[in-house]
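Written below as structure tokens is the structure these notes are about.
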Amino acid sequence: MFRDKAIETIDRASLDKLQLLQLKTTFTTALKTRFYEHRFRKTPIKSADDIHSLRDLEKIPFTTKDDLRACYPDGLLSVEKSRVVRLHTSSGTTGMPTVIYHTQADLDNWTELVCRGLTACGVTSCDVFQNMMTYGLFTGGLGLHYGAERLGALVIPAGAGNTQRQLQLMKDFRTTALHATPNYMLHIMLKLDEFNCSLDELSVKKVFLGAEPYTENTRKKIESFYQIEAYNCYGLSELNGPGVAMECVHKTDPHIWEDSYLVEIIDPETGQVLKDGEEGELVLTTLKREATPLLRYRTRDLTRIHTEPCPCGRTHRRIARITGRSDDMLIINGVNVFPSQIEEVLMKRPEVGTNYQIVVDQHESLDRLTIKVELYAKLFEGDIKDLERLRDAMKHDMRSTLLVGARVELHEPGSLPVSEGKAKRVVDLRKEV
Ligand code: DLL
């Protein structure tokens, strides 16, 4: 099933032409932002007229997450504020998130892309779509919500968490399609008995999984346990959010919507553009965005482009399952966390010593974050109540900065492992299922 067959099956030559035209428009729009206006004063490409072919893209410098942070709050806004209808931010280091503005046309296009992906997996107006992702600044909630709604599905904006209620909603409204993180689907598996729910009472046929990396085995586990189809949905807030790339019914990895994004894979070390099929970092350029155009945005996600055609007939290329990141970002139950954020929170406290460790493992199929921190020795000589208060305050700080809960363990000086050379702060014990 197609949403817009002409564009989804467009031949390569026509797509190249369209991309070149839209790249020029994007460049002109980008020059209206303070950031790009300043940047392109000194580069070989100064205006859209200097772009003659898609290969000229390589002459444009990369845009990074740090650039976006430095632009906070509106250095990357290219339209009058009165034309902006929504913004989303993603987590960053304390106080410095990245912000993406949207005009109505931007939101319409995003919604269409999501709609296209859902249609490619057979979702129709007859579906009851329960969205179990967080609503708010995080794009997972609203992104899929509007796409499913535009399709005519009955959307249940359940939001994340509260498993008992999720199951009740599924039963009462005969939910047929879900949107969730893979970890949450694994977690629900463990909770069915506790909440007296049997799979026979559910009508779910499909689930869209994304927001965090997962393996093909995890997909298979979810599919076989629930007896449903699970589709991979990829995206990131800087490029709208979910729906940048989505699978079709063939489940041969997500099609990346090339009428809206220019795709490159680069060597993360050298920045050199790699050939189709070679693994490297995904770099994306927006082709339709008005309010916050991005040129050659380094996603930090490691993947490769599939070269063989997909049986569905769509010509938009596919990206392989994300194998990792070229930076140190952790994804904890779908929420992005940078070790530097944790360090900033810790170092604000005078009680904290010099060594700490970040441990990520799994509990009841959900990610669990533990921060082990050494305090100065004299603190252990005082009242235990003071230590408990300190621990609770640190837990509170962590939650309000990271937007995920963390356990905090207080340790005596010298008790945590010391690494020689570059400190190894993060211990990731999550197992691949
Ligand atoms: O996670 C948007 C999203 C919401 C995508 C719901 C899919 C479903 P951010 O919070 O900005 O946005 O995190 C983006 O999450 O760069 C990847 O590292 C990771 N990620 C997202 N989807 C997938 C996926 C949303 N399907 C970051 N597979 C990205 C692997 C994924 N990693």
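Just so you know, ligand 1 is whichever comes first in the structure, and atom 1 is the first atom listed for that ligand. Note that this is a predicted model, so its numbers are computed, not measured.
For Gly147 against Val114, the heavy-atom pair with the smallest separation is CA-CG1, 3.7 Å.
No donor-acceptor contact under 3.5 angstrom links the side chains of Tyr36 and Thr29, judged on distance only. A donor atom on one side chain and an acceptor atom on the other are found under 3.5 Å apart for Tyr184 and Thr163.
When each of Val427, Val426, Asp428 is paired with Ile358, the side chain to side chain contact (heavy atoms under 4.5 Å, CB included) condition holds for Val426 and for no other.
Near ligand 1, Met133, Phe138, Thr139, Gly140, His179, Gly210, Ala211, Glu212, Pro213, Asn232, Cys233, Tyr234, Gly235, Leu236, Ser237, Pro242, Asp301, Ile322, Arg325, Ile331, Asn336 each place a heavy atom less than 4.0 angstrom from the ligand.
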- I would like to know whether Phe40 and Phe27 meet ring-ring contact (aromatic ring centres under 6.0 Å, His included); could you show each step before the answer? CA-CA 10 Å; Phe40 290 115; Phe27 195 89; 4.6 Å; yes
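Under a cutoff of 6.0 Å and an axis angle of 45°, Arg289 and Tyr261 do not form a cation-pi pair.
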